[in-house]
Each structure stands twice: as structure tokens, then as C-alpha cells.
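Note on naming: letters A, B, ... go to the chains in the order of the sequence lines (proteins, then strands), and numbering restarts at 1 for each one.
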Number of protein chains: 2
Amino acid sequence: MPKGDFLGAFEEIVLLALIHLRDNAYGMTIRREIEDRSGRAVSIGAVYSTLDRLESKGLVSSTYSDGSEARRGRAKRYFELEPEGAKSLNRSSEILANMWRGLEPGSDLSKS
Amino acid sequence: MPKGDFLGAFEEIVLLALIHLRDNAYGMTIRREIEDRSGRAVSIGAVYSTLDRLESKGLVSSTYSDGSEARRGRAKRYFELEPEGAKSLNRSSEILANMWRGLEPGSDLSKS
DNA sequence: TCCTTGTATCTACAATGTAGAAATACGGAG
DNA sequence: CTCCGTATTTCTACATTGTAGATACAAGGA
């Protein structure tokens with residue numbers, strides 16, 4: 001039995017946000033996407049440190065925008081989901097699906 | 001916007017295991033339930049420390065078996081999901097469902 | 001008494017999550 | 001040219017969660 005893989009809850013959320021944002025995923029938009037979909041406040045620091053960790057594990061990659069883009073402020077760092085990231089996401093969702101099997105998400109769980 | 005709630009990935013898994021096990025949930029059975037459903041090795045220490053944390057947050061409760069039960073070894077500590085735990089579970093699953101909305105779990109995520 | 005089996009507790013550490021302040025970079029106002 | 005505002009990333013420090021395994025406890029049987 002494999003041990004010690006699977007994503008943290010927030011890591012999974014961040015990866016999913018990347019997919020929705022496609023090629024417009026950078027710090028601030030990622031933060032907003034998560035806040036919009038989760039209804040939960042998220043600090044910018046939380047987003048970046050999670051992304052950094054994910055990158056160091058090879059699940060996402062990042063590239064800086066070149067100067068050709070009309071912009072204010074620093075160069076944006078765009079993030080992209082790597083194939084390994086998609087795999088992790090699938091593994092996690094399968095595990096969770098197995099744990100939920102037979103239960104109805106959203107219904108009364110207290111005596112199922 | 002609320003901040004700082006929601007369950008860790010493993011916490012969620014443990015809570016779900018409790019529900020499946022109903023009134024037979026104690027350390028060893030919980031461990032096995034998770035291993036069976038996740039296909040992943042889990043240490044007994046991981047299980048207990050998570051349960052302890054969950055109990056201190058009021059999401060689960062535990063009671064020791066009385067001596068009337070024919071048994072070997074220590075008294076079992078049975079765990080039960082508290083209403084607060086069910087709430088947390090529902091919140092977490094809703095957030096995740098929102099993050100997945102529009103994507104197909106299990107399919108190719110790389111360019112969705 | 002000592003061994004085996006089933007169980008829980010403890011300890012120490014690694015990984016993840018969180019917040020906010022500081023730094024960087026550009027454009028525009030004066 | 002300097003200063004200010006805005007958009008963005010980076011840094012730092014700390015809190016919470018995740019993990020492993022050793023140790024303690026309890027009962028029954030050899």
C-alpha cells in the first residue's frame with residue numbers, strides 16, 4: 001500500500017482554481033477565484049506559499065510575464081497545472097469519493 | 001467572509017470513516033476502514049492524534065467500553081460523530097463541490 | 001510467571017496552512 | 001526628477017495538521 005501521498009485540503013482547492021482560470025492564473029486571480037467559489041477569506045500569503053510548495057513538488061509550474069504586456073506593478077507570475085498535478089488531483093478525488101460512497105453529501109449524516 | 005474554518009484532508013476522511021462504522025468505531029477499525037477505502041497505508045498514531053484533535057474541537061466524542069464486554073486488551077475507546085462534526089463535513093464537501101463545478105472528476109483535467 | 005494479542009497513549013518531528021509586513025516595479029502627478 | 005499610488009510578489013514567523021513508531025496497559029493462556 002502506498003503511503004504518504006495525497007493532497008492537503010487547501011492544495012487541492014488551489015489546483016482546482018488553476019484549472020478554472022486557465023491561462024490567467026496568477027496570485028491575485030487565484031486568490032479571488034478561491035474566495036468566490038468557497039465564500040471564504042483567503043490571505044495572499046496562504047496562496048503563494050501553497051503554490052510554492054506545489055511547484056517544488058512538480059505539481060504546478062510558473063513563468064513570469066515578459067515586459068511586452070501593458071501592466072502596472074511587478075511582473076506577474078503565471079501558474080499552470082502540470083500533468084503530475086492533474087494526477088494527484090484525480091487520486092485525491094477518488095479517495096474522497098470512496099470515503100463518501102453510500103452516503104449522501106449534504107444530507108443528514110448523523111445516523112447514516 | 002468567514003475565515004479559518006474547514007477540515008484538513010485527513011480529518012475529513014476520519015469523520016467519514018466514523019459514519020460508515022456506526023457504533024463499531026474505535027482506533028483499529030477506523031484505521032482499517034480508511035485503509036480499505038483509500039488503498040493507502042495509515043499509521044495508528046495518525047488516526048489517534050487526528051481523533052484527539054477532532055474531539056478537542058467538539059466534532060467527535062468518545063467513550064470507553066465498560067468491563068461487561070468480553071474482550072482482550074485495553075478497554076476500547078469508541079468514537080462518535082457529533083452534530084458539529086456533521087456540519088463541518090457538509091461545509092467542506094460543499095466548498096469542494098463548488099471548486100469542482102464545471103469539471104469532470106476523473107477525466108483529463110489538463111486543459112479543461 | 002511470562003508470552004501473546006489487542007488496544008490505547010505518548011513523543012517527536014515533518015508537512016501544511018495562515019497572516020501580514022516588506023520589497024519590487026511601473027506609471028503618473030507635481 | 002522625485003514622490004506617490006497601485007499591483008504584484010516575496011519574506012518571515014508562527015499555528016495547525018499529518019505521520020510514524022515506540023511504549024504502556026490489560027487480559028488470557030501456556
Novice: Describe the nucleic acid contact of A:Tyr78 in one word from base, sugar-phosphate, nothing, applying a heavy-atom distance below 4.0 Å.
Specialist: nothing

Novice: Less than 4.0 angstrom from a charged side-chain N to a carboxylate O is my criterion; do A:Arg91 and A:Glu94 meet it?
Specialist: no

Novice: Taking the nucleotide of DNA chain C with the closest heavy atom to each, which residue, A:Ala75 or A:Lys57, is nearer the 5' end?
Specialist: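 Its nearest nucleotide being more 5', the pick is A:Lys57.
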
Novice: What is the separation between atom CE on B:Met28 and atom C1' on D:dC25, rounded to the nearest whole Å?
Specialist: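 The distance from CE of B:Met28 to C1' of D:dC25 comes to 14 Å, rounded to the nearest Å.
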
Novice: Just to verify, which of A:Leu18, A:Leu15, A:Leu21 counts as forming a side-chain contact (heavy atoms from CB on, under 4.5 Å) with A:Phe79?
Specialist: A:Leu18

Novice: Counting C-beta onward and ignoring hydrogens, is there a side-chain heavy-atom pair between A:Trp100 and B:Glu12 closer than 4.5 Å?
Specialist: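 A side-chain contact exists here, since the closest heavy-atom pair is under 4.5 Å.
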
Novice: The side chain of A:Glu11 is closest to which nucleotide in this list: C:dA21, C:dT16, D:dG18?
Specialist: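 Output: C:dT16.
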
Novice: Whole angstrom is fine here: how far is it from CZ in A:Phe6 over to P in D:dT19?
Specialist: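 That distance rounds to 5 Å.
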
Novice: Just checking A:Gly8: base, sugar-phosphate only, or nothing, at a heavy-atom cut-off of under 4.0 Å?
Specialist: sugar-phosphate

Novice: In whole angstrom, what separates A:Glu35's CD from C:dT18's P?
Specialist: 12 Å

Novice: In whole angstroms, how far is the P atom of C:dT18 from the CD1 atom of A:Ile34?
Specialist: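 Going from A:Ile34 (CD1) to C:dT18 (P), I get 10 Å.
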
Novice: Measure up the A:Tyr78 and A:Tyr26 rings against each other and bin them: parallel (under 30°), tilted (30 to 60°), perpendicular (over 60°).
Specialist: perpendicular

Novice: Between B:Arg53 and D:dG18, does any side-chain N or O lie under 4.0 Å from OP1 or OP2?
Specialist: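 So the side-chain polar atoms of B:Arg53 do come within 4.0 Å of the phosphate oxygens OP1 or OP2 of D:dG18, strictly under.
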
Novice: If you check the B:Arg74 side chain, which of D:dA26, C:dG17, D:dT8 turns out closest?
Specialist: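 Of the candidates, D:dA26 comes closest.
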
Novice: Both B:Ser49 and A:Tyr26 contact DNA chain D. Taking the nearest nucleotide for each, which residue is further toward the 5' end?
Specialist: A:Tyr26

Novice: Looking at A:Ser43, does any N or O in its side chain come under 4.0 Å of the phosphate oxygens OP1/OP2 on C:dA19?
Specialist: yes

Novice: Closest to the B:Ala46 side chain: D:dT19, C:dT7, D:dT8?
Specialist: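 Output: D:dT19.
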
Novice: To the nearest Å, give me how far apart CZ (B:Arg77) and C1' (C:dC10) are.
Specialist: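 Computing the B:Arg77:CZ to C:dC10:C1' distance gives 12 Å.
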
Novice: Go through C:dT7, C:dT16, C:dG6 for me and flag the one nearest to the B:Arg72 side chain.
Specialist: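 The nucleotide sitting nearest to the side chain is C:dG6.
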
Novice: Tell me which of A:Ile44 and A:Phe10 sits closer to the 5' end of DNA chain C, going by the nucleotide each one is nearest to.
Specialist: A:Phe10

Novice: Expressed as a whole number of angstroms, how long is the span from B:Ile30:CD1 to C:dT9:P?
Specialist: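 Checked: the CD1 to P distance equals 12 Å.
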
Novice: Report the residue from B:Met28, B:Arg32, B:Glu33, B:Arg31 that forms a side-chain contact (heavy atoms from CB on, under 4.5 Å) with B:Val47.
Specialist: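 Only one option passes, and that is B:Arg31.
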
Novice: Rounding to an integer number of Å, can you tell me how far B:Glu12 CD sits from D:dG18 C1'?
Specialist: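 Distance, rounded to whole Å: 15 Å.
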
Novice: May I have the distance from A:Asp52 (atom CG) to C:dA15 (atom C1'), rounded to whole angstrom?
Specialist: 15 Å

